[in-house]
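Lettering of chains follows the sequences in order, A, B, ..., and the numbering in each one begins at 1.
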Amino acid sequence: MLVEGKNISFSYDGFSLALRDVAIKIEKGEFLVILGANGAGKSTLVKHFNALLPLEQGELRVAQIDLRDEKDIWLLRRLCGMVFQNPDNQFVSSTVEEDIAFGLENYEAPRDEIPERVRAALALVEMGGYEKRAPDTLSGGQKQRVALAGVLALEPEIIIFDEATAMLDPSGRQEVLAIMDKLHKAGKTIIAITHYVEEAVAADKVILMQKGRILACGSPEAILTDLDLMKAAELLPPLPVRLYHDLRQAGVHLKNCPLTNEELVKEIWQLKSKT
Amino acid sequence: MKTLPAGQYIPGHSFLHQLDARTKILCLFLLIATVIGALSLWSYALVLAVIALLILVSRLPVRPAVAPVRGIYRFLLIVFLMNALFFGGEEVLASWGIFQLSREGIRQGFRVVGNVLLILILGNLLTMTTLPTQVTTALESLIKPLKFIGVPTEDVAIIISIAIQFIPTLVEETELIKMAQIARGARFESKKLLERAASFIPLVVPVFISAFRRADELALAMEARGYRNAKNRTRRKKEPLAPHDYCALAVCAFICLVQFLLLRNLV
Ligand SMILES: Nc1ncnc2c1ncn2[C@@H]1O[C@H](COP(=O)(O)OP(=O)(O)OP(=O)(O)O)[C@@H](O)[C@H]1O
Ligand SMILES: [Mg+2]
C-alpha cells in the first residue's frame, strides 16, 4: 500500500469537522478519482497526503512515511507532488525554466544537473522549447502543464491533481487529461479531484465523498451507475448513465449501463440489431 | 502602430542589451547620483548628453524611451507646485496665506521635476533593455553584501522574484475588477482629480483581498514543492562580469566624478 490511513478526522476551526473518521487505501500505480460536492472535504483529505495540513487525529502512512512524524515531511513532499486549481497562483519565477527549477533548488539538486532535469520535465508535458517564456504569456492548459512539469522534475511517486482542470477550457482540459493518462501508464500513482464525473470513467477506483465522510469507494462502473449513491453525494451521474435510466423509464431496456458515449452507441446499436 | 507602453522590455542586440544587468543597475545608481548632484546648467547639459548618447547606443525608438514624461504630467505638476509654493526664498513674487511664490521656489520646482523626469528616463532605459528575470537575478546578487549587516538576503531575493512575477497577474485582475465595477455603474473617468482619486478606493479593497488569497495559495504551492527556507537551496551560478561591463562602470563613475568635482560648481 502506498497510502494507508484510518480514523482520520480534521477540523479547521475546532468545532465543525471537515473530515470525519476517514479510512483510505491507495495502491501503487493506481489511478484514483475523488468526487464530491463543494465542501465535501476532498481538498482537506489530499492535503493530508503531503502534509500541507497536520494530521490531527488518526493514522496515515504515505510511501512508508508515518505522517505523525513531523521530521520526514519534507522528504514526503518530494515523493508526493501536487498540482493546484488556479494556474496563476503557482508560479514563483518569471520564466518557465526558473519556475521548474524552483522545486529542484529546494531539494538542493546539484547546480549543473538542473538544466537537464528541467528540459526532461518540460519534454514530459510536451512543452519543450518554452524554457524562456514568461508564465503569464501561456494559455491556461500550458500553465497547468508547466506547473505539472515543476512537480514532475522532482520525480514523485504520487501526483495529486486538486481540480487541476477546473479553470481550463475544453482543449486545455484535454491536454492535461492526456498527460495524466500518460503518467498513469508510466506507472505513477495519480490522485485526481474533479467535479467532472466523466473524468472518473477512466479511473481504476473512484471515491465518493460527502460532508467529510467517504460515502463509497469502488470501480467507476459500480459507483457512477448507482443513481441513489450519486444522489446521496449530491452529484449528477455521467450523461450516458442518465440516458440509460431515462430510456428504461420510457420502456427501452439497454442490456448494460454505459459509462461513455461510445458504450452508449454500442448498446443502442446492439438493441437495434436484435430487433 | 500601437504605442509601446513605457518600460517594457524590447528585445535587441545593442551594447546596452548586452551589458550585464548588474552593471546596468550599478550604472543606473551612478547616473542617478549624477542627476541629483546637478546644480548648474552645465551639469544638466552633461546629463542630457549622456541620456541622448544612451538612447542612441541602445538603438531603441526614442518615443517609448522617453514615454514616462507623458504618463505622469499631473503628478509632476503637483510636485512642481508643492516646491514652488513651499520653498521659502528671498525674492518673493507673490504670496497667499501660507503659500509663497518665490524665484528660488520656481527654480527649485523646475529642478525637482527635471530630476524626476531624467531619473525616470534612465530607469526606463534599464527596463527596456533588460529582461525582468535578469533584473531580479542581478538584484539578488547585488544585495548579497547586505548579509553582513544582518539582512536576510536570500529571503529578500525570493520576495523580489515573486513580487515581480505577480505584477502582470495583479494588473490583469485590477483591470477585471474595474470592468466589473464599471458594469455596475462605477465611473473612473471623472475629469476632476479628487473625484477620480476617490473612485479608485472601491477598487483597492477587492484587489487587496484577492492578492492576499493568491498569496495564501502560492505559499501552499511553494510548500508543496519542498520550500523550507531561502537558505537550504541550490545556489545560482555566479557569472563573472565581462571587460565591457568594467568599461561601462568606469565610464559612469567618471561621469559622476566630473559632475561632482567640476561642473557642479560652475555657474
Ligand atoms: N482554510 C480553511 N479554513 C477554514 N475552513 C476551511 C478551510 N478550507 C476548507 N474549509 C472548510 O472545510 C470543509 C471542506 O473543505 P474542502 O476545501 O476540503 O472541500 P472540497 O471538497 O475540496 O470542496 P471544493 O469542491 O469546493 O474544492 C468546507 O466546509 C470548508 O468550508
Ligand atoms: Mg477543493
Considering only NZ, NE, NH1 and NH2 on the basic side and carboxylate oxygens on the acidic side, decide whether A:E108 and B:R233 come within less than 4.0 Å.
no
Between A:N106 and B:G226, the two heavy atoms sitting closest are CB-O, 3.2 Å
Quick check: are there more than 12 heavy atoms from other residues, nucleotides or ligands sitting under 6.0 Å from NZ of A:K132?
no
Can you confirm whether B:F29 is buried at CZ, in the sense that more than 12 heavy atoms of other residues, nucleotides or ligands lie under 6.0 Å from that atom?
no
Mark yes when over 12 heavy atoms from residues, nucleotides or ligands other than B:R228 sit less than 6.0 Å from its CZ; otherwise mark no.
yes
Contact class of A:D99 relative to chain B, heavy atoms under 4.5 angstrom:
both
Exceeds 12 heavy-atom contacts within 6.0 angstrom, atom OH of A:Y12
yes
Looking at CD of A:E105 and CD1 of B:I158, how far apart are the two atoms once the value is rounded to the nearest 0.5 Å?
8.0 Å
Side chains of B:E223 and A:N50, heavy atoms from C-beta outward: is any pair under 4.5 Å?
no
Side chain, backbone, both or neither: which part of A:R111 has an atom under 4.5 Å from a heavy atom of chain B?
both
Indicate the atoms forming the closest heavy-atom contact of A:M82 with B:A224, along with that distance.
CB-CB, 4.4 Å
Quick check against the 3.5 Å criterion: does B:T234 have a side-chain atom that pairs as donor or acceptor with the backbone of A:Y107?
no
What part of A:E98 is in contact with chain B, defined as an atom under 4.5 angstrom from a non-hydrogen atom: side chain, backbone, both or neither?
side chain
Scored by heavy-atom pairs under 4.5 Å with chain B, the best of A:D88, A:L52, A:I73 is A:L52
Which atoms of A:F84 approach chain B - backbone, side chain, both or neither, heavy atom under 4.5 Å:
side chain
With heavy-atom distances below 4.5 Å as the criterion, would you say the side chains of A:N89 and B:F166 are in contact?
yes
Atom of B:R213, atom of A:N86 and distance for their closest heavy-atom approach:
NH2-ND2, 4.5 Å
To the closest 0.5 Å, what do you measure between CD1 (B:I162) and OG (A:S93)?
8.0 Å
Cut-off 4.5 Å, heavy atoms of chain B, and the answer for A:L104 is backbone
So, do A:R77 and B:R225 sit near enough that their side-chain heavy atoms are less than 4.5 Å apart?
no
Proximity of residues 33-45 of chain A to chain B, residues having a non-hydrogen atom under 4.5 angstrom:
none
Within the structure provided, determine whether B:E172 and A:D136 are in side-chain contact (heavy-atom separation under 4.5 Å).
no
The reported gap from CH2 in A:W74 to CG in B:N232 (rounded to nearest 0.5 angstrom) is 7.0 Å
Verify the neighbour count for atom CD of A:E70: are there more than 12 heavy atoms of other residues, nucleotides or ligands below 6.0 Å?
no
May I ask you to check whether A:F102 and B:Y227 place their ring centers less than 6.0 Å from one another?
yes
